[in-house]
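See below for the structure under consideration.
Computation of the quantities below employed the complete heavy-atom set of this structure, encompassing side-chain atoms and omitting hydrogens, waters and symmetry-equivalent molecules. Computed from a predicted structure; not experimentally measured. Numbering of ligands and ligand atoms starts at 1, following listing order.
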Amino acid sequence: MIFVYEKGFGFEHEMREKGVGLVFIISAPSGTGKTTLVREVIQQLPGLQFSVSYTTRLPRSNEKEGGDYHFVSHSVFQKMVERNEFLEWAEVLGNRYGTPRSDLKKLELEGFDLILDIDTQGAKKVMKEIAQPVLIYLLPPSLKVLRERLMDRGVDSLEMVKFRLSNARRDMEEADGYRYVIVNNRIEDAVEELKSIIIAERCRRGKDIVLEENKRQWEEKDG
Ligand code: 5GP
């Protein structure tokens, strides 16, 4: 992967502002507050883009086409599968969800960081396809709070809430394999934690670029 940065002072700053081509995967059971968290962090941190998945599920009243998801029919989704347009796709609670490869291509060209909001099955598939994605699992403060949030948001029947909870339990067992776990007690704290993780990973992954540039500057100075 090639990144083009303006050289000289402020180079590291520019790198952090633009991102370094990292892929962050955030997984969480439905109702944990992942969407709010990701939106807030994208607003606050430059150089970070959200990968908008495709889904066959119907939009909820507050969801926008192209913002939350690309909402497509089963046949359109199937055609995309056949054309190998998804980095990964999975069936979740009876609907299909897929991550488009196109965002990854853009990332390779432009060098920003990408955040994928996908489930644990999707994360496993992405790990086979790309080098070193950063895995972050978001937990609700407790199962009781998760149940209450699912009931309060009023988008699911009682049956569906029960179903989501039994899935959540299984899903949470996968959190152990993730690099980071954030507990969403207070959204403000979760935002700070996620931002810190992203900044730390940018510093870590940008180390080689910074050291190389530093060396180049010394060599230039010494003639
Ligand atoms: P919801 O219908 O509540 O928006 O999402 C249900 C689940 O599907 C969530 O766990 C979410 O992370 C997951 N999901 C959303 N987009 C994708 C995707 O592109 N791939 C996979 N594997 N899971 C996804």
**Request:** Look at Lys79 together with Glu85 and state whether they make a salt bridge at an N to O cut-off of under 4.0 Å.
**Result:** no

**Asked** Are Asn184 and Thr32 close enough that a side-chain donor and a side-chain acceptor fall under 3.5 Å?
**Response** no

**Prompt:** So how far is it from Ile26 CD1 to Tyr137 OH, rounded to the nearest 0.5 Å?
**Reply:** 10.5 Å

**Request:** Could you verify whether a donor N or O on one side chain and an acceptor N or O on the other, from Arg96 and Ser53, lie under 3.5 Å apart?
**Result:** no

**Asked** How far is atom 12 (O) of ligand 1 from its nearest protein heavy atom, and which residue and atom name does that atom have?
**Response** Lys34 NZ, 2.8 Å

**Item:** Arg57, any N or O under 3.5 Å of ligand 1 N or O
**Value:** yes

**Asked** Of Tyr69, Tyr97, Phe86, which has the heavy atom at the shortest distance from atom 24 (C) of ligand 1?
**Response** Tyr97

**Request:** Report the C-alpha distance between Glu212 and Lys215 in whole Å, list the side-chain angles of each, state the deciding distance to 0.1 Å, and finish with yes or no for salt bridge (Lys or Arg N to Asp or Glu O under 4.0 Å).
**Result:** CA-CA 5 Å; Glu212 211 172 282; Lys215 195 171 148 215; over 6 Å; no

**Asked** Under a 4.5 Å cut-off applied to non-hydrogen side-chain atoms, are Trp89 and Tyr54 in contact?
**Response** no

**Message:** Suppose we measure from atom 7 (C) of ligand 1 to each protein heavy atom; which comes out shortest, and what is that distance?
**Reply:** Val92 CG1, 3.7 Å

**Ala90: numbered ligand 1 atoms lying under 4.0 Å from its heavy atoms** = 22 (N)

**Item:** Polar contact flag for Ser30 and ligand 1 (N/O pairs, less than 3.5 Å)
**Value:** yes

**Message:** Quick check on contacts: which atoms of ligand 1 are under 4.0 angstrom from a heavy atom of Gly122?
**Reply:** 22 (N)

**Prompt:** Which of these, Asn95, Asp117, Thr32, Asp119, has its nearest heavy atom closest to atom 21 (C) of ligand 1?
**Reply:** Asp119

**Message:** Quick check on Ala28 - does any of its heavy atoms sit under 4.0 Å from an atom of ligand 1?
**Reply:** yes

**Message:** Could you check whether any heavy atom of Glu88 sits closer than 4.0 Å to an atom of ligand 1, since that is the contact criterion I want to use?
**Reply:** yes

**Request:** Heavy-atom contacts with Gly98 under 4.0 Å: which atoms of ligand 1 show up? List them by number with element.
**Result:** 18 (C), 19 (O)

**Ionic contact status for Glu173 with Arg170, cut-off 4.0 Å** = no

**Message:** With a sphere of 6.0 Å drawn around CZ of Arg60, does it hold more than 12 non-hydrogen atoms of other residues, nucleotides or ligands?
**Reply:** yes

**Request:** Under 4.0 Å from a heavy atom of Arg60: give me the atoms of ligand 1 that qualify, with their elements.
**Result:** 1 (P), 2 (O), 3 (O), 4 (O)

**Message:** I'd like to know if Lys195 and Glu192 make a salt bridge, using a cut-off of under 4.0 Å between side-chain N and carboxylate O.
**Reply:** yes

**Fill in**
Closest to atom 16 (N) of ligand 1 among protein heavy atoms sits Ser53 OG, 3.2 Å

